[in-house]
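Note sheet for the following structure.
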Amino acid sequence: MTRVEIDGVERAYGAVKVLKGIHLDIEPGEFVVLLGPSGCGKSTLLASIAGLDPVQGGEIRFDGRDVARDEPSDREIGMVFQSYALYPTMTVRKNMSFALRVAGMAKPEIDERVNWAAGVLQIEPLLERKPAALSGGQRQRVAIGRALVRKAKVFLFDEPLSNLDAKLRGEMRAEIKALHEKLQTTFIYVTHDQIEAMTLATRIAVMSGGEIQQFGTPDEIYRFPQTRFVADFIGAPSMNFVDAVLRVEGGRASLEMGQVRVELDDYAFAAPPRDGQPVIFGTRPERITLQGDPSPGAIPARVTGVEPMGADTLVWLDTDGHRWSARVSPEEANALGREVHARPDPQGISLFEPESERRL
Amino acid sequence: MKDQNAIAMAAIYAFLAIAAAFFAIPLIIMLLTSFKTAEEVREGSIFFLPESWSLAAWGKAWGEACIGRVCEGIGGNFWNSVLITVLATSISLLLASLNGFALAQWRLRMSGPILGMLLIGAFIPYQIMIYPLVRLFATGGMHQTLGAIVTVHVLFGLPILTLIFRNFYIGLPEELIKAARVDGAGFFQIYGMIIVPMSVNVFLVAAILSITGVWNDYLLGLIFAGPNFQPMTVSLQNLVGTQMGLPEYNVNMAATILTALPPLAVYLLSGKYFVRGVTAGAVKG
Ligand SMILES: Nc1ncnc2c1ncn2[C@@H]1O[C@H](COP(=O)(O)OP(=O)(O)OP(=O)(O)O)[C@@H](O)[C@H]1O
Ligand SMILES: [Mg+2]
């Protein structure tokens, strides 16, 4: 179990800053997922942790030891790549033992470790095959096995499941989670798949444009997004937004959107609210109830589309020019007319400051 | 429809047969002539089959034919050529594959300019470098030695061979090398344990190019090899070009075929690999 501290790591390609001073403090044995849109620097950060990509500033500490200038092999890491990167001319056994052979380990110990890893991953019958004779899922298992035999202190995964079909991806996801529980090693895992991030992570680091937007548990990230970007990026469909104005009267805060007022008695403000302050109001689709009749706190809307998803139904709305979505039960959806009123759940509100786009 | 196809196929085969015959006729005449006796060559037409098949001309060409005053044939020069070809080819392959790998996969700062220079090196005629090289070797005291001729062949072979390797290695996934680095392998371990086993086909293609190029060379051998390591092509020219008395066509033909045999054999034996190597780059595995 290793604590990984990333302290102000910077990386630029020419004038383009790809990592702009990243700070992350990863507890021993954590499963941290780096999540973000394509090109935000996830792979670059992972490569920096691995030592494959030189950093230009900052420190990377494993259990307090700065490894930022060490070779990958001196960092005691295991890494699994998106393309598996198995050595095509070697059998599975040779692939898995490669690192140990390079390190000059004695044959009996190599065999013992390979057999142990093959047992953990249930790939014993494949040991004498070449990678070309394996399915995608089997290849990925071998790639994990290659990291496993080295008894690495930190496991790094760069989108390991994105080449697999949906069903296999689900299975491998569960296996990776089980592996983490079994090994209790620190895992750092890159993906742009939200479901993977939510299901696997002990904590998620949401990245955008070379910066960490928020680092927290999946629940915190989902329910209390710290920036508008996180609120927008996490969740499918994403959060509904509308511009609003804060009102504070007699110590009670409320939100004014045109004619509609929403009480904010339950909202935990980070800083005391000011009367007349402009804000961005956000609410998730499943935190909206739709009703036919107007009522205080309900926003008038027009139904523009209905998408039955089986368990629930997605209703697309037009609220005075904003495209919103609401997730309701199929029965509720059937009962709807064309004009409805959308009532946000006071418990599920997020407010953002329009300039900085940070949570209020 | 079927008939038309058959006719078209027949036409294609007829054309191919004629084309093949056209290219094969000189070779056939050489072969026929080399099996004739000296009298038969003088009297008969070149298209006739030999009356009595005789290997005398072959034996003479190999071990007895006179070049100037020395009557030792060109057999000894065959082994010179073998030595030069084996040395030059193995050294160039090793260097070219290492260079190609470094250029393609090891983020070198100057790989762009180096590549440009290689391209220039591959396409400018090597004749313009002969004189400077002669001066260089003479100054270094190794003019007309085995070292000189091998060095020259390696130098002139490197650009194109390096490009061949580099173009193959550029297609290898970058993550493969990264994985090997994480596994603790250094440059030469990655090269030897992962890259070389993956590029057997490219080695074969490059070897074929190098072997035929070095073996068939005449000019460089003439200038740089010197008398002790004179390659077969040079001695063949001496044999055929400067004959005293009546020309012995049968011996000349036998000597020519002997000289041409090794590259021919390389193509015939490796044809399958040659094609496979050429297409290997196109198929992603
Ligand atoms: N060798 C390079 N030269 C210049 N820019 C690069 C280089 N490698 C990456 N970049 C840039 O760095 C940024 C981050 O790349 P990175 O591969 O880390 O993204 P990512 O978050 O992993 O994206 P993805 O989800 O698509 O894999 C991208 O904008 C990319 O264009
Ligand atoms: Mg990436």
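Quick caveat: nothing in here was measured; it's all calculated off a predicted structure. Throughout, protein chains are lettered first and strands after them, A, B, ... in sequence-line order, and every chain is numbered starting at 1.
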Next on the checklist: Would you say that I149(B) contacts L146(B) through its side chain, given a criterion of any heavy-atom pair below 4.5 Å between the two side chains?
Outcome noted: yes

Next on the checklist: I'd like to verify something: which residue of G184(B), P173(B), A179(B), A185(B) has the highest number of heavy-atom pairs under 4.5 Å with chain A?
Outcome noted: A179(B)

Checklist entry - How about P231(B) and V214(B): do any of their side-chain heavy atoms sit closer than 4.5 Å? => result no

Item to check | Contacts of residues 49-63 of chain A with chain B (heavy atom under 4.5 Å) | outcome: G51(A), L52(A), D53(A)

Item to check | Residue pair M172(A), R141(A): steps toward the side chain to side chain contact (heavy atoms under 4.5 Å, CB included) verdict | outcome: CA-CA 9 Å; M172(A) 284 302 292; R141(A) 250 176 269 246; 3.9 Å; yes

Checklist entry - Among side-chain atoms of T162(B) and R166(B), is any donor-acceptor pair under 3.5 angstrom? => result no

Checklist entry - Under the 3.5 angstrom rule, does the side chain of T185(A) hit a backbone N or O of V154(A) as a donor-acceptor pair? => result no

Checklist outcome for this item: Whatever's closer than 4.5 Å to a heavy atom in chain B on R75(A) counts as neither

Checklist entry - Tell me, side chain or backbone of L86(A) under 4.5 Å from chain B's heavy atoms, or both, or neither? => result backbone

Next on the checklist: I need the residue from A152(A), A143(A), S83(A) with the largest number of non-hydrogen atom pairs under 4.5 Å to chain B.
Outcome noted: S83(A)

Checklist entry - Which word best sums up how the rings of W215(B) and F78(B) line up, parallel for under 30°, tilted for 30 to 60°, or perpendicular for over 60°? => result perpendicular

Checklist entry - Is there a donor-acceptor contact under 3.5 Å linking the side chains of D183(B) and Y87(A)? => result yes

Item to check | Side chain proximity check, I176(A) to I144(A), heavy atoms < 4.5 angstrom | outcome: yes

